[in-house]
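Values below: every heavy atom of this structure, side chains too, minus hydrogens, waters and symmetry copies. These numbers come from a predicted model, not from an experiment.
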Amino acid sequence: MMKTCAMGLIVVGVFVAVVRVDWTKSTPPAQQAAARAGAVARELTLDLGDKVILTLVEIPAGKFLMGSPMAEKGRQDDEVQHEVTISKPFCMGETHVTVDQFAAFARDSGYKTDAEKSGWSPALSISGGILDANKTDGCSWRSPSFDQKGDHPVVQVSWNDAMAFCDWLSRKSGKTISLPTEAQWEYACRAGTETTYPWGDNPDDGAGFANCADQSLKRRVPNSPAVIGFFNWDDGFVFTSPVGSFKANPFGIFDMVGNANQWCQERYGDYDAGATIDPGAKTGSLRVLRGGSWFDGPAGGCRSACRDGSDPDFRCGYNGFRVTAVAD
């Protein structure tokens, strides 16, 4: 099943290789969330070289309701609500992987993304007040079809590209780095909430929380199909925004919804029946995407329970990723 993606087409002082790994106290929101869970929140900081760092926040183990209730507006049939146990604490990227962080990986490894190897990617364009995507030679994370700076989330990256980044960072840091499981992602996104959005049930209360399809985008694409929908607030960005520009959730994590869709580790499939522990689909050709993007409106991917799936080599201007690490 493919939904939104189908548009238009560690201890202080430990050094391993060129990556330094530091543990420090985390931000106050994460400390508060961890205190409620009976843990002491910490941050894992990876130095990628050339003054580029990547920070992860430790998330405590716990239980939550994954999926959405039947009455939730915009709900899809694949969001069956069920209890999930996250049995072990883990570390989640404080933000999306940025352009600068991905560039550090590309420089060090010489890696070429699926878009670069193919020589093309779907490029976004606005014409006649409509947003469209077309196969475009030379489009890649280096030139995604709209302006980005180094602190924006890297986009035009496939699941294959995201996993290659994780493999590289695992070797560099000596830590087990991966994409989040879908359950880890939703658990970290909800951060104790059971509402439609991380900020509550009212879409209008999302101002200041996320970069989604808002009035900034609507002014640029007034003739786009109504099915996209737009939030009533104005976040000031048409496309991606610098990571960390909006409010952190109670775990101290930024942009869990909006900005760019986030690839998850496993395959897209039906949820296990009933209560589960550390679940993850093992079969299926598509990989999971979560979180929505700057392109998603109130009934779309920016809901905490919304799921998506796409081919592992698919890339576009609204797909990115964040990483996880095994907590010590």
With a 4.0 Å cut-off, would you call D50 and R107 a salt bridge?
yes

List for me each residue that meets side chain to side chain donor-acceptor pair (under 3.5 Å) alongside D278, sequence neighbours excluded, and say none if there are none.
S87

Taking side chain to side chain donor-acceptor pair (under 3.5 Å) as the definition, give me every residue that meets it alongside T196, ordered by chain and number, with sequence neighbours left out.
D201

Give the cluster check for V243 versus I53: same hydrophobic cluster or not, with ILVMFWY residues linked at side-chain heavy-atom distances below 4.5 Å.
no

Measuring from atom OG of S109 to atom CG of L169, what distance do you get when rounded to the nearest 0.5 angstrom?
11.0 Å

List the residues meeting side chain to side chain donor-acceptor pair (under 3.5 Å) with R287, not counting sequence neighbours, and say none if there are none.
none

Partners passing salt bridge (Lys or Arg N to Asp or Glu O under 4.0 Å) against D205 (at least two apart in sequence or in another chain):
none

Would you call the rings of W199 and F209 parallel, tilted or perpendicular, taking 30° and 60° as the class edges?
tilted

Quick check: closest heavy atoms across R315 and P122, and the distance to 0.1 Å?
O-CD, 3.3 Å

Gap separating the CD atom of Q184 from the CD atom of Q265, nearest 0.5 angstrom:
7.0 Å

Show me the donor-acceptor pairs within less than 3.5 Å that the side chains of residues 298-306 make with the rest of the protein, sequence neighbours left out.
{"unit_1": "R303", "atom_1": "NH1", "unit_2": "E72", "atom_2": "OE2", "d": "2.7"}
{"unit_1": "R303", "atom_1": "NH1", "unit_2": "E79", "atom_2": "OE1", "d": "3.0"}
{"unit_1": "R303", "atom_1": "NH2", "unit_2": "G74", "atom_2": "O", "d": "2.9"}
{"unit_1": "R303", "atom_1": "NH2", "unit_2": "E79", "atom_2": "OE2", "d": "2.7"}

Residues, nucleotides or ligands: over 12 heavy atoms within 6.0 Å of N223 CG
yes

When rounded to the nearest 0.5 angstrom, what is the spacing between OG in S121 and CG in D137?
11.0 Å

W159 meets the side chain to side chain donor-acceptor pair (under 3.5 Å) criterion, sequence neighbours left out, with none

For D234, what residues pass the salt bridge (Lys or Arg N to Asp or Glu O under 4.0 Å) criterion, not counting sequence neighbours?
R219

Test: salt bridge (Lys or Arg N to Asp or Glu O under 4.0 Å). Region: residues 184-195. Which pairs qualify, not counting sequence neighbours?
E186-R190, E186-R290

Transitive ILVMFWY cluster of F237 at side-chain heavy atoms under 4.5 Å: who else is in it?
F246

Atom pair CD/CG of Q101 and D151 - distance to nearest 0.5 Å
10.0 Å

Who are the ring pair (Phe, Tyr, Trp, His ring centres under 6.0 Å) partners of W141, not counting sequence neighbours?
F102

Please confirm whether the backbone N or O of F239 pairs with a side-chain atom of N211, one donor and one acceptor, at under 3.5 Å?
yes

Counting C-beta onward and ignoring hydrogens, is there a side-chain heavy-atom pair between D161 and F105 closer than 4.5 Å?
no

Separation of N261 CG from C316 SG (nearest 0.5 Å):
7.0 Å

Which residues satisfy the ring pair (Phe, Tyr, Trp, His ring centres under 6.0 Å) test with F321, sequence neighbours excluded?
F165

With a sphere of 6.0 Å drawn around CG of L65, does it hold more than 12 non-hydrogen atoms of other residues, nucleotides or ligands?
yes

Okay, side chain of W168, backbone of A106: is any donor-acceptor separation there less than 3.5 Å?
no

Checking the side chain of E83 only, and the main-chain atoms of T276 only, is there a donor and an acceptor separated by less than 3.5 Å?
no

Parallel under 30°, tilted from 30 to 60°, perpendicular over 60°: which one fits the rings of F251 and Y187?
tilted

Spacing of NZ belonging to K282 relative to CZ belonging to R267, to within rounding of 0.5 Å
10.5 Å

Tell me which pairs pass salt bridge (Lys or Arg N to Asp or Glu O under 4.0 Å) where either residue lies in residues 113-130, with sequence neighbours left out.
D114-K117, E116-R142

Short side-chain to backbone donor-acceptor contact, H96 and A260, under 3.5 Å:
yes

